[in-house]
Amino acid sequence: MNERKTKSKVLLVMANVVISIVLSLVIFITFKTLL
Amino acid sequence: MLSFFTENILPIITNIGTNEFIVLGIFFLAILTLLNLLSKNNAFKITVVFVLYVILVSALAILLKLQTIEYLLLIVSFIICVVVMFSTEIKRNVWIRKNPKIVSTDVASAVRNTQQIVNKNINEIIKALQNMSKNDVGAILVLSNTKIPTSIIDSGVKIDSDISSALIESIFFPKTPLHDGAIIIQNDKIQAAGCFLPLSQETDLPKELGTRHRAGLGVTEVLNVTAIIVSEETGIISIAKGGKITRYADSEMLRKTLKEYYWQDLIGTTKEGKNNKGGLI
């Protein structure tokens with residue numbers, strides 16, 4: 001049970017990191033294109 | 001589409017220098033903080049809407065050749081909306097938990113409980129809760145190791161008494177003047193009774209949870225405290241902590257919560273407590 005909880009927490013953090021990288025790149029590229 | 005990518009976007013990616021890398025890092029940290037905050041509060045829908053919104057607005061900004069300030073306004077306005085929607089959660093997650101100074105040192109340093117006294121307090125509280133649960137007497141207890149705002153203490157009656165099941169049961173006995181408020185327990189004392197607590201504005205609460213549960217949940221949303229609630233209708237005991245409520249608490253769960261309060265939350269906040277912790281349990 002605890003192992004599953006830890007696994008899902010790690011997955012959640014990894015998903016957040018990936019989404020953050022994608023979104024920061026999207027915002028950065030948009031800014032650079034618009035400027 | 002491909003030519004647009006190779007002509008406009010690819011040069012930007014390939015020409016990322018140190019300055020751009022720092023800016024990217026700042027963007028990354030800001031978005032990661034926001035996403036962590038959202039995921040901690042189970043705001044999955046808002047997270048999806050945020051991701052789609054940023055991608056859609058960015059695509060539109062490039063296609064419609066918006067001005068930078070317009071694009072910036074669109075992104076910032078959405079982030080402000082999220083911050084306003086989750087202001088209570090931000091206060092709880094960022095301010096109360098990350099700031100150890102908020103833990104009252106005078107309360108913490110006053111902790112000189114022996115294992116015997118703590119066990120007696122835990123037993124008295126559990127006995128009172130179980131008796132009230134058996135007799136369908138509504139009750140709400142707030143276990144606090146932080147300074148409770150004076151507005152809450154002043155809304156009730158200061159007691160400053162030792163913890164006893166008879167006293168707790170008497171306070172919550174129906175039709176007595178103090179039965180409709182909360183008891184504030186700090187350390188080994190009942191500080192006040194009949195206190196009014198801030199109500200939770202949560203909309204997803206089950207219908208069977210009334211104002212008492214809402215108050216118990218509300219106080220844990222804004223303060224680093226634990227609330228124990230006994231339902232007047234069903235006698236079910238619930239535990240609220242960090243803006244989350246657990247129902248159907250049995251004596252084991254209550255004992256665990258109270259032990260956590262006395263040994264981790266309370267004594268663990270003082271250096272002396274940390275040293276004593278291993279020996280006392």
Side-chain angles (χ1 to χ4, degrees), chain A, chain B residues 4-5 7-17 19-44 47-48 50-76 78-79:
Chain A
M1 188 68 182
N2 277 341
E3 207 175 297
R4 201 184 293 171
K5 259 188 180 177
T6 322
K7 237 181 196 178
S8 64
K9 266 187 186 174
V10 171
L11 275 175
L12 191 71
V13 171
M14 276 169 66
N16 279 347
V17 170
V18 172
I19 295 171
S20 303
I21 291 170
V22 172
L23 286 190
S24 52
L25 267 172
V26 167
I27 294 174
F28 179 77
I29 289 167
T30 315
F31 267 121
K32 277 280 182 184
T33 317
L34 294 178
L35 278 170
Chain B
F4 177 81
F5 181 81
E7 280 169 24
N8 295 298
I9 294 170
L10 206 61
I12 295 171
I13 297 172
T14 49
N15 291 329
I16 289 179
N19 287 352
E20 281 88 356
F21 200 74
I22 292 168
V23 173
L24 255 174
I26 293 167
F27 279 158
F28 169 73
L29 286 178
I31 294 168
L32 188 65
T33 311
L34 192 69
L35 289 181
N36 275 339
L37 176 84
L38 291 175
S39 57
K40 259 185 201 169
N41 294 292
N42 299 323
F44 180 70
T47 312
V48 173
F50 174 66
V51 173
L52 291 176
Y53 180 83
V54 169
I55 293 172
L56 196 78
V57 164
S58 304
L60 276 175
I62 293 173
L63 287 174
L64 301 176
K65 291 182 179 147
L66 292 181
Q67 285 184 358
T68 318
I69 190 77
E70 289 170 332
Y71 175 64
L72 192 71
L73 273 173
L74 284 169
I75 297 285
V76 170
F78 189 86
I79 292 173

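So that the names make sense, note that chain A is the first sequence line, chain B the second, and so on, each numbered from 1. Keep in mind that this is a model prediction, so the values were computed, not measured.
Across every non-hydrogen atom of A/Ser24 and B/Phe28, the tightest pair is CB-N, 3.7 Å. Between B/Leu35 and A/Asn16, the shortest heavy-atom contact is CD1-O, 3.6 Å.
In terms of heavy-atom pairs under 4.5 Å with chain A, the best-connected choice from B/Leu66, B/Ile26, B/Leu29, B/Thr47 is B/Leu66. With respect to chain B, the highest number of heavy-atom pairs below 4.5 Å among A/Val22, A/Ile19, A/Ile29, A/Val13 belongs to A/Ile29. Of the residues considered (A/Leu25, A/Leu23, A/Val26), A/Leu23 shows the highest number of contacts with chain B, using heavy-atom pairs under 4.5 Å.
When heavy atoms are compared at a cutoff of 4.5 Å, B/Val23 approaches chain A solely by way of its side chain, counted from C-beta outward. With a threshold of 4.5 angstrom between heavy atoms, A/Leu12 approaches chain B through side-chain atoms but not through N, CA, C or O.
Considering only residues two or more places apart in sequence or on other chains, B/Phe78 meets the ring pair (Phe, Tyr, Trp, His ring centres under 6.0 Å) condition with B/Phe50, B/Tyr53.
Within 6.0 Å of atom CD in B/Glu20, more than 12 heavy atoms from other residues, nucleotides or ligands are found, so the atom counts as buried in its surroundings.
The aromatic rings of B/Tyr71 and A/Phe31 sit perpendicular to each other, their planes meeting at more than 60°, with 30° as the lower class boundary.
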